[in-house]
There are 2 protein chains.
Amino acid sequence: MTIHYKEKTFFTGKDLALSVIGGRWKIAIIWCLLQQSPLRLSEIQRKLPEVNQRMLIRQLRELEEDKIITRSVYPVVPPKVEYQLSEIGLLLEPVVTSICDWGDNFAEFLEEDADKIAVN
Amino acid sequence: MTIHYKEKTFFTGKDLALSVIGGRWKIAIIWCLLQQSPLRLSEIQRKLPEVNQRMLIRQLRELEEDKIITRSVYPVVPPKVEYQLSEIGLLLEPVVTSICDWGDNFAEFLEEDADKIAVN
DNA sequence: CAGTATCCCTACTGATACTG
DNA sequence: CAGTATCAGTAGGGATACTG
């Protein structure tokens, strides 16, 4: 496999995937939109308070460019903008799920480790 | 869930997972070690030529600290160091697999897109 | 509400040289 | 072989203030 995208060359699906979803907050954003959709910017901000607004908007723009999410602007006052996952974006569900599952596993693992130390 | 790790607090397994495997080259390293294990540093370098040595070693160190991989040093001349996935590290297989699968899907999606443009 | 604009800083990167 | 050391450049990220 060889694919050219955004002036770069990727030799595996993995590398392509990482270039698209590897951004600092992208998995978190996708996780939000898998749980509930569509979401407005302010709603995503409430769900991800640890992300500052500028970064959130930048990562949303990149996801939109890559067609992972769609952005719908309603010409009303006050402004209303809705974000949701595209078809290809929805297919990221297994990625997000497996990450969540592993994270839970790892959390348990850390607790066991802490127990061992506590026992000693 | 609330877990404290490395002086930070995580409220979801997902956030914990991302803090551990979110590094720039970590998924790539884990992918290597899932394919073949153990691997020596020079072998990983050959498999991931796009990563420079200093970054590779840093990310390996972090993965080792988080107990995702193990590092075995053999006291021989010339030096021999082997890296392999730990038990919890091996459990990342579904994460890596789902990322690879999605990446392949996304590559197809891009090609279809290119076709549409070509047709017009 | 949904964004920009500004400033600053850390992380990553690349090249090259050196060591046990 | 498997690293560490140094320098220097760039991209990504963070805090805060401001606007249609």
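Naming convention: chains lettered A, B, ... in sequence-line order (proteins, then strands); numbering from 1 in each chain. Please read these numbers as outputs of a predicted model, since none were measured by experiment.
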Starting from P on C:dA2, measure out to CD1 on A:I69 and report it in whole angstrom.
13 Å

Under a plain distance cut-off of 3.5 Å, with no hydrogens placed, do B:T70 and B:S86 share a side-chain donor-acceptor pair?
no

Neighbours of DNA chain D within residues 71-80 of chain B, by heavy-atom distance under 4.0 Å:
B:R71, B:P78, B:P79

Sort me out a list of protein N/O and nucleotides 10-13 of chain D N/O pairs below 3.5 Å, or just none if empty.
residue: D:dG13; atom: OP1; partner: A:R24; partner atom: N; Å: 3.4
residue: D:dG13; atom: OP2; partner: A:Q59; partner atom: NE2; Å: 3.3
residue: D:dG13; atom: N7; partner: A:R54; partner atom: NH2; Å: 3.4

Do we see a donor-acceptor contact under 3.5 Å between the side chains of B:D15 and B:T12?
yes

With distance as the sole test, does B:W31 use its side chain to make a donor-acceptor pair with the main-chain N or O of B:E93 at under 3.5 Å?
no

Tell me: CD of A:E50 to P of D:dA15, nearest whole Å?
11 Å

How is B:L41 classified with respect to the nucleic acid when contacts are heavy atoms under 4.0 Å: base, sugar-phosphate, or nothing?
sugar-phosphate

Send over the distance from B:L60 CG to C:dC12 P, rounded to a whole Å.
14 Å

Counting only side-chain heavy atoms from C-beta out, which of C:dG3, D:dT4, C:dA2 sits nearest to A:Y83?
C:dG3

Should C:dC7 form a Watson-Crick or G-U wobble pair with both distances under 3.5 Å, which nucleotide is its partner?
D:dG14

Surrounding CD of B:Q35 (heavy atoms of other residues, nucleotides or ligands, distance under 6.0 Å), is the total greater than 12?
yes

Atom CZ of B:R46 and atom C1' of D:dC1 are separated, to the nearest Å, by 11 Å

Is a side-chain N or O of A:E43 found less than 3.5 angstrom from the main chain of A:R40, in a donor-acceptor match?
yes

Is any NZ, NE, NH1 or NH2 atom of the basic residue among B:E62 and B:K26 found under 4.0 Å from an Asp or Glu carboxylate oxygen of the other?
yes

In whole angstroms, how far is the P atom of D:dT4 from the CD atom of B:Q45?
12 Å

Neighbour count above 12 (heavy atom, 6.0 Å) for B:E87 CD:
no

I need the CD-P distance between B:E82 and D:dC1, as an integer number of Å.
14 Å

Strand partner of D:dG20, provided both Watson-Crick or wobble distances fall under 3.5 Å:
C:dC1

I need the residues from residues 3-14 of chain B with at least one non-hydrogen atom less than 4.0 Å from DNA chain D; give them sorted by number, or say none.
none

Without decimals, in angstroms, what is the distance between A:L56 CG and D:dA15 P?
13 Å

Might you confirm whether atom NZ of B:K8 has over 12 heavy atoms from other residues, nucleotides or ligands at distances under 6.0 Å?
no

Closer to the 5' end of DNA chain D via nearest nucleotide, is it A:Q53 or B:R40?
B:R40

Tell me the interatomic distance from B:E43, atom CD, to D:dC1, atom P, rounded to whole angstroms.
10 Å

Using atom types as modelled and distance alone, determine if a side-chain donor or acceptor of A:S37 lies under 3.5 Å from a backbone N or O of A:L34.
no

Can you get from A:I44 to A:Y74 by hopping between Ile, Leu, Val, Met, Phe, Trp and Tyr side chains that sit under 4.5 Å apart?
no

Check whether any side-chain N or O of A:E112 sits under 3.5 Å from a backbone N or O of A:F109 as a donor-acceptor pair, and report yes or no.
no

Tell me, yes or no, whether the heavy-atom count around B:K67 atom NZ, taken from other residues, nucleotides or ligands under 6.0 Å, exceeds 12.
no

